[in-house]
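Every heavy atom of this structure was used, including side-chain atoms; hydrogens, water molecules and symmetry mates were not. Quick note on labels: first sequence line is chain A, next is B, and so on, each numbered from 1.
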Amino acid sequence: MNKISVKPISGFPENLPMRQQIECEMIDTIRSQYELFGFQPIETPAVERMDVLTAKGGMGRQIYTVGKPEGTESKTAMGLHFDLTVPLARYVACHANDLTFPFRRYQIQKVWRGERAQRGRFREFYQCDIDVVGRQNLDDVYDAEIPAIISSVFEAIGVSEHIIHVSDRRIWRDVAKAFGWSPEMSGLVLQELDKSQRDGLDTALSRMTAQGVEDRVTAFVRDMVSAEDFAGVRQVFESSDVALDGLRVLENTIATAVLLGCSPDKIHYDLTIARGLDYYTGTVFETFIPGREEWGSVCSGGRYDDLSEYFSKEKFPGVGVSIGLSRLLNLLVDSGMIDGTPRSATTVLVTVLEKEHWRRYLELARDLRNAGIATIVYLEDAGLGKQLGYASDLGIPYAIIAGGNEWSAGCVKIKDLNQRTEDKVACSEVVSYIAARR
RNA sequence: GUGGCAUUAGCUCAGUUGGUUAGAGCGCCGGAUUGUGGAUCCGGAGGUCGUGGGUUCGAAGCCCAUAUGCCACCCCA
């Protein structure tokens, strides 16, 4: 008889316990960092109405559609959310009267995208979002706060090597205006520019030329992107009569981010950052791990002033970013950049040598748990070697060993599985011994 | 969604121009070691070669279909 396949569907990852443990810890860390910066948690349904999801275009055919239960008719088209920003816009419009603005919220949930899976690219994955949403207005300073927070979060999860690339769509808006570009032309230039990170600027520029972009445009783009610093970019702009508004905003955003605590070497302007999502209107962010640029961005976002326009008559401008946790975690562990060795939330395994004394083993475990020390008792019938192997497989650092010799002496042996050392400890001291070393 | 490559043990893969009972390493289980784990040695289990057709005296290897996977593109966390 053919057994049903037990492999999960491609792009829908599932972890072994060790990796899940790491993921849980990482989520905890991110959550507490977000709360440290004063963000409130919310969750929105995995399923949204299709008109909500597609209100701002963007994700094309990447949305997983959802049907009603078999046999019932579905009048409303529904789909799984592909990010947490669009649902946020709906949420804010829906609950505006009960929220306090500026509304700072974080949201850690799975999202779904109907793409082909690849290494570091999933169809189901976690996003960890923060956003600040204002009512009518939202000061530019919030744009600058984002990189400061993100940098601090990355530090906290042990990824001190990271760099946040920042650009501003208003710059390209100004450029397009000055050159009289059609929307198609703007799209083409930005799209090619985005790929210049991967393929190099020359390749990108020649592809623009091949698609009919004028030489004066490619020349300007080359000068603009390859300028050494802001002063250089400004010069390029002035000599071409392009408005400087967007550029000023970007320069100011970066300077303010540094003031707010983002290390200057963790943030820099990068005019090639385009971002595919349609709803961004100003600042845009992408975060890379130096030396691992091929992983793509592990944390992206930006400013969106008009996202709620389809949901409300009011304006709810916002700015935020999303950490692609699943991508980040798997790439970090696979590449050995963070510790992927067995670890366990359990601290102690109580081994059992003499079943007739079960009660003592169980009491020991109870005392440890009452002291907040995660403990399990080995309940199978097995030799000591196998019991220790069990602890070591699970990454449990301490084993308690006790039999006739120990009971009569009123003590137990506590073995450190990592150090391979062993101490005799009086029964009354066991809890404090472990607590001191945890 | 488009294209390229792949699919043999739980995992990573060998398998020579189609030719008898399909192999290795790792992992797993057991033993040496019934109160001490990651090392070593010995033994063992586990595969109708993705699935369905076809060609052939004979197919893991060739042909067709299909499914799945990987990579690249598109796009994105």
Side-chain angles (χ1 to χ4, degrees), chain A residues 1-13 16 30 57-63 81-85 108-129 150 187 190-191 194-195 197-199 273-278 280 284-289 294-302 320-332 341-342 349 351-354 357 378 381-407 412-422:
Chain A
M1 172 179 158
N2 273 334
K3 297 288 186 233
I4 295 167
S5 171
V6 293
K7 287 192 176 174
I9 294 170
S10 164
F12 291 78
L16 289 173
I30 292 172
M59 274 295 162
R61 54 167 74 247
Q62 294 198 354
I63 299 173
H81 57 210
F82 57 83
D83 76 357
L84 302 176
T85 309
I108 300 174
Q109 279 182 255
K110 283 185 168 172
V111 303
W112 293 268
R113 290 185 190 173
E115 306 184 89
R116 287 283 179 85
Q118 274 175 51
R119 178 182 154 80
R121 307 189 57 176
F122 305 100
R123 301 203 270 207
E124 175 180 69
F125 58 97
Y126 271 110
Q127 287 200 323
C128 309
D129 278 41
I150 286 305
L190 280 177
Q191 204 173 21
D194 197 39
K195 289 183 201 161
Q197 296 215 15
R198 187 187 67 215
D199 303 336
I273 299 296
R275 310 253 52 231
L277 261 31
D278 295 337
Y280 294 112
V284 284
F285 308 102
E286 289 198 349
T287 309
F288 298 90
I289 310 296
E294 74 276 8
W295 288 358
S297 173
V298 292
C299 172
S300 308
V321 281
S322 176
I323 299 178
L325 181 67
S326 305
R327 166 178 289 180
L328 187 61
L329 174 85
N330 283 283
L331 293 173
L332 287 174
T341 52
L349 172 76
T351 64
V352 173
L353 295 180
E354 298 161 350
H357 287 129
Y378 197 97
D381 211 4
L384 184 55
K386 192 166 181 189
Q387 300 189 42
L388 293 175
Y390 179 77
S392 135
D393 282 348
L394 291 179
I396 297 173
Y398 295 100
I400 291 181
I401 303 164
N405 301 337
E406 287 75 22
W407 297 134
V412 300
K413 283 184 186 166
I414 300 181
K415 184 168 181 117
D416 182 323
L417 278 305
N418 299 316
Q419 307 294 327
R420 313 195 103 197
T421 56
E422 212 170 74

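In this structure, the side chain of A:S326 engages the main chain of A:Y126 through a donor-acceptor pair within 3.5 Å. Between the side chain of A:R121 and the backbone N or O of A:R116, no donor-acceptor pair lies under 3.5 Å. Under a 3.5 Å cut-off, the side chain of A:H81 and the backbone N or O of A:K110 do form a donor-acceptor pair. The backbone N or O of A:D416 sits nowhere less than 3.5 Å from a side-chain atom of A:T421 that would complete a donor-acceptor pair.
Residue A:R198 is in sugar-phosphate contact alone, with no base atom involved, counting any heavy-atom pair closer than 4.0 Å across all strands shown. Here A:K195 lies in heavy-atom contact (under 4.0 Å) with sugar-phosphate atoms only. A:F122 comes within 4.0 angstrom of a nucleotide base, judged by non-hydrogen atoms across all strands. At a threshold of 4.0 angstrom between heavy atoms, the contacts of A:E422 include nucleobase atoms, whether or not backbone atoms are also involved. Contact annotation for A:E406: base contact, defined as any heavy-atom pair under 4.0 Å involving a base atom.
Taking atom P on both B:G43 and B:A24, the two are 12 Å apart, rounded to the nearest angstrom. Rounded to whole Å, the C1' atom of B:G15 lies 7 Å from the corresponding atom of B:G23. Atom name P, nucleotides B:C11 and B:G4: the rounded distance is 28 Å, in whole Å. Spacing between B:G10 and B:A72 at atom P, rounded to whole Å, works out to 28 Å. Distance check on atom C1': B:A60 versus B:A9 gives 14 Å, rounded to whole Å. Nucleotides B:A59 and B:G50, compared at atom P, are 15 Å apart to the nearest Å. Look at the P atom in both B:G31 and B:U17: the space between them is 45 Å, to the nearest Å. Remark: the separation of the C1' atoms in B:C74 and B:U7 is 26 Å, to the nearest Å.
Looking at A:W112 and A:F12, their side chains come closer than 4.5 Å, going by heavy atoms from C-beta outward.
Across all strands shown, B:G58 remains unpaired; no Watson-Crick or G-U wobble contact has both distances below 3.5 Å. Across all strands shown, the partner of B:A72 is B:U2, judged by Watson-Crick or G-U wobble contacts whose two distances both fall under 3.5 Å. In this structure, B:A9 makes no Watson-Crick or G-U wobble pair, since no nucleotide meets both defining distances under 3.5 angstrom. Within the shown strands, nothing qualifies as a pairing partner of B:U17 under the Watson-Crick or G-U definition with both distances less than 3.5 Å. B:U40 is paired with B:A32 under the criterion used here, namely a Watson-Crick or G-U wobble arrangement in which both key atom distances are under 3.5 Å.
Closest to the side chain of A:R116, from the set B:U36, B:U2, B:C74, is B:U2.
Taking the ring centroids of A:Y378 and A:Y390, they lie under the 6.0 Å cut-off.
For B:U34, neither phosphate oxygen OP1 nor OP2 lies less than 4.0 angstrom from any side-chain nitrogen or oxygen of A:K386. Between B:G69 and A:S10, a contact under 4.0 Å exists linking OP1 or OP2 to a side-chain N or O. Within the 4.0 Å cut-off from OP1 or OP2 of B:A72, at least one side-chain nitrogen or oxygen of A:Q118 is found. Applying the 4.0 Å criterion to OP1 and OP2 of B:A39, one finds that A:R420 has every side-chain N and O outside that range.
In terms of position on RNA chain B, the residue among A:R119 and A:V298 whose nearest nucleotide sits closer to the 5' end is A:R119. Nearest-nucleotide assignment on RNA chain B puts the 5′-proximal partner with A:G403, out of A:N418 and A:G403.
Here the C1' atom of nucleotide B:U36 and the CG atom of A:L388 are 5 Å apart, to the nearest Å. Look at CD on A:E294: it is 10 Å from P on B:A72, rounded to the nearest Å.
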Q.
Using side-chain contact (heavy atoms from CB on, under 4.5 Å), reason through A:F285 and A:S300 one step at a time and then give a plain yes or no.
A. CA-CA 5 Å; A:F285 308 102; A:S300 308; 5.8 Å; no
